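Below is one structure, written out as C-alpha cells; the observations come after it.
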Amino acid sequence: MQPLAERIQKQDQRALARAISLVENDDTEKLNLLSDIASLKKQAYYIGITGSPGAGKSSLVDRLVTHLRKQDLTVAVIAVDPTSPFSGGALLGDRVRMHDHFTDPGVFIRSMATRGSLGGLARSTKDAIRVCDAYGFDYVIVETVGVGQSELDIMKVVDTTAVVLTPNSGDVLQIFKAGIMEIADLFIINKADLSGVGKLRGQLKDFLHIMDPDGWKAPIVETISTENKGIEKLWEKCLQHKNYLVETDEGKRKRQEQLTFEVYELIREELWKDVQGFIEADDTKKQDLDRIEDPYHLAREWLFEWKRLYRG
Ligand SMILES: Nc1nc2c(ncn2[C@@H]2O[C@H](COP(=O)(O)OP(=O)(O)OP(=O)(O)O)[C@@H](O)[C@H]2O)c(=O)[nH]1
Ligand SMILES: [Mg+2]
C-alpha cells in the first residue's frame with residue numbers, strides 16, 4: 001500500500017488533503033492511490049445537497065454538521081464550485097459558511113473547483129468522496145450548486161440526494177426540466193420564514209404527483225437555516241431514507257450500479273488519454289484536424305492505426 005494511503009488510514013488530515021489534490025489534478029499516481037484506498041473502504045454514508053445559488057445550502061450543511069457533531073459523529077464536507085477556478089482559503093470560508101467547524105478535528109471541509117481535473121469535476125468529486133470514506137468519516141456531505149450535467153453525475157454516487165428550494169424563486173420548474181426531480185430523495189423548502197411557502201409546497205406536490213414513483217416517495221421538509229429551525233426534522237428524514245435503502249437492498253443495488261458505471265468511466269478516461277496522446281504526438285494528424293471533411297472516416301482511420309500500434 002502507498003504511504004499516502006497508509007497515512008489516510010491513520011486519519012492524518014494533511015494526507016487526506018494531499019490525496020484530494022492528487023485526484024483533483026489528475027496526478028499520474030491517482031489510480032494507484034484510489035485502488036489502495038478502495039480496499040480501505042469504511043462505509044461512510046453519502047449525502048448530496050443541491051439547489052440554486054444562494055438557496056441556503058451551505059447554511060443548512062453548517063447546521064447539519066453541528067447537529068451531527070453533537071452526536072459525536074464525524075463528517076467530511078465537499079463543496080463543489082464549478083464557477084470558481086480556485087479552492088481553499090478565504091473564498092472557501094465565505095462560500096461554505098462553516099467558520100466554526102474549521103478547527104474541529106471531527107470535521108473536514110474541502111472545496112472542489114474546475115482547476116486541473118482532466119476527467120472533469122464530477123470525476124474528481126467522486127474520487128474525493130471515496131478518499132473521505134477511506135479516512136473513516138461517518139458521513140460525507142457534498143454541496144453542489146445548480147442543475148447541470150456534472151451535478152447530476154455527482155448525485156448518482158451519493159446515497160441520499162436532498163434538493164433545496166426557496167419560496168418565490170421559480171426553482172421547481174427549473175428542477176423539473178433538468179431531471180433533478182427523478183433523483184431527489186428529499187426536498188427541502190429553505191427560507192420558510194419568507195412568504196410563498198404554501199404555494200411552493202403545492203407546486204412541488206403537483207410535480208411529485210405526476211412522477212408517482214413505486215418505491216420511496218420523496219418527503220418535503222421546511223427549514224429556516226438562519227434560525228436553526230427544521231434541522232432535526234431534516235435529519236430524521238435523511239435517516240428514514242437511509243433505513244429505506246438498507247431495508248429494501250435498494251442502497252446496495254444503487255452502489256453496485258454506480259461502481260459498474262465507474263469501471264466503464266475509468267476505462268473510457270484512460271483509453272481516451274492514450275488515444276489523445278497518440279494523436280497529439282503526430283504533427284500530420286494535427287494538420288488533418290484543421291481540414292476535416294469526414295469526421296467518421298478520420299476517427300475510424302486513427303482508431304485503426306492506434307489499435308494496430310498498441311495491440312501488436
Ligand atoms: N431569510 C432566510 N435567509 C436564509 C436562510 N438560509 C440561508 N439564508 C441566507 O441566504 C444567503 C445564502 O446562503 P448560503 O447558505 O450561502 O446559500 P448557498 O446555497 O450555499 O449559496 P451558494 O453556495 O453561493 O450557491 C445567506 O445570506 C444566508 O444568510 C433562511 O432560512 N431564511
Ligand atoms: Mg454554498
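Note that the coordinates shown come from a computational prediction; the quantities given were computed from them, not determined experimentally. Remember, it's 1-based here, ligands and their atoms both numbered in the order they're listed. Residues take their numbers from the sequence shown, with the count starting at 1.
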| request: Could you walk me through whether Ser58 and Glu143 pass the side-chain hydrogen bond (donor to acceptor under 3.5 Å, both in side chains) test, one step at a time? | output: CA-CA 7 Å; Ser58 300; Glu143 174 189 335; 2.7 Å; yes
| Charged N to carboxylate O below 4.0 Å: is that the case for Arg123 and Asp127? | yes
| query | Any N/O/S atom of Ser59 sitting less than 2.8 Å from the Mg ion (ligand 2), backbone or side chain? | reply | no
| Mind checking whether Trp216 and Tyr244 have parallel, tilted or perpendicular rings, split at 30° and 60°? | tilted
| query | What are the atoms of ligand 1, with element, lying closer than 4.0 Å to any heavy atom of Pro53? | reply | 25 (O)
| Do Lys156 and Glu257 meet the salt-bridge criterion of a basic N to acidic O distance under 4.0 Å? | no
| query | So is Asn190 polar-close to ligand 1, meaning N/O to N/O under 3.5 Å? | reply | yes
| task | May I ask which of Ala79, Gly230, Ser225 has a heavy atom nearer to atom 31 (O) of ligand 1 than the others do? | result | Ser225
| message | Under 4.0 Å from a heavy atom of Ser58: which atoms of ligand 1 are those, numbered in the order shown and with their elements? | response | 15 (O), 18 (P), 20 (O), 23 (O)
| said: Tyr45 vs Thr160, test: side-chain hydrogen bond (donor to acceptor under 3.5 Å, both in side chains). Steps then yes/no. | reply: CA-CA 8 Å; Tyr45 192 79; Thr160 297; 2.5 Å; yes
| For the Mg ion (ligand 2), which N, O or S atom of Glu143 is at the shortest distance? | OE2
| Out of Glu143, Glu222, Lys57, whose heavy atom is nearest to atom 19 (O) of ligand 1? | Lys57
| Should you measure from each heavy atom of Asp193, which atoms of ligand 1 turn up under 4.0 Å away? | 1 (N), 2 (C), 30 (C), 31 (O), 32 (N)
| said: With a cutoff of 4.0 Å, is Gly51 in contact with ligand 1, counting heavy atoms of the residue only? | reply: no
| task | Say whether Ala192, considering both its backbone and side-chain N or O atoms, lies within less than 3.5 Å of an N or O atom on ligand 1. | result | no
| request: Pick out which of Thr260, Asp159, Leu245 makes a side chain to side chain contact (heavy atoms under 4.5 Å, CB included) with Arg255. | output: Asp159
| request: Answer with yes or no after comparing the ring centroid distance for Phe278 and Trp272 against a 6.0 Å cut-off, counting only values under it. | output: no
| said: Regarding ligand 1, does Ile224 bring an N or O atom to under 3.5 Å of one of the ligand's N or O atoms? | reply: no
| request: Before accepting this row, confirm whether a basic side-chain N of the pair Lys30/Glu269 lies closer than 4.0 Å to the acidic partner's carboxylate O. | output: yes
| message | If you measure every N or O of Leu194 against every N or O of ligand 1, does any of those distances drop under 3.5 Å? | response | no
| Proximal candidate to atom 5 (C) of ligand 1 [heavy atom criterion; set Lys191, Glu227, Lys229] | Lys191
| query | What about Trp306 and Ile279, same hydrophobic cluster or not, with Ile/Leu/Val/Met/Phe/Trp/Tyr joined at side-chain heavy-atom distances under 4.5 Å? | reply | yes
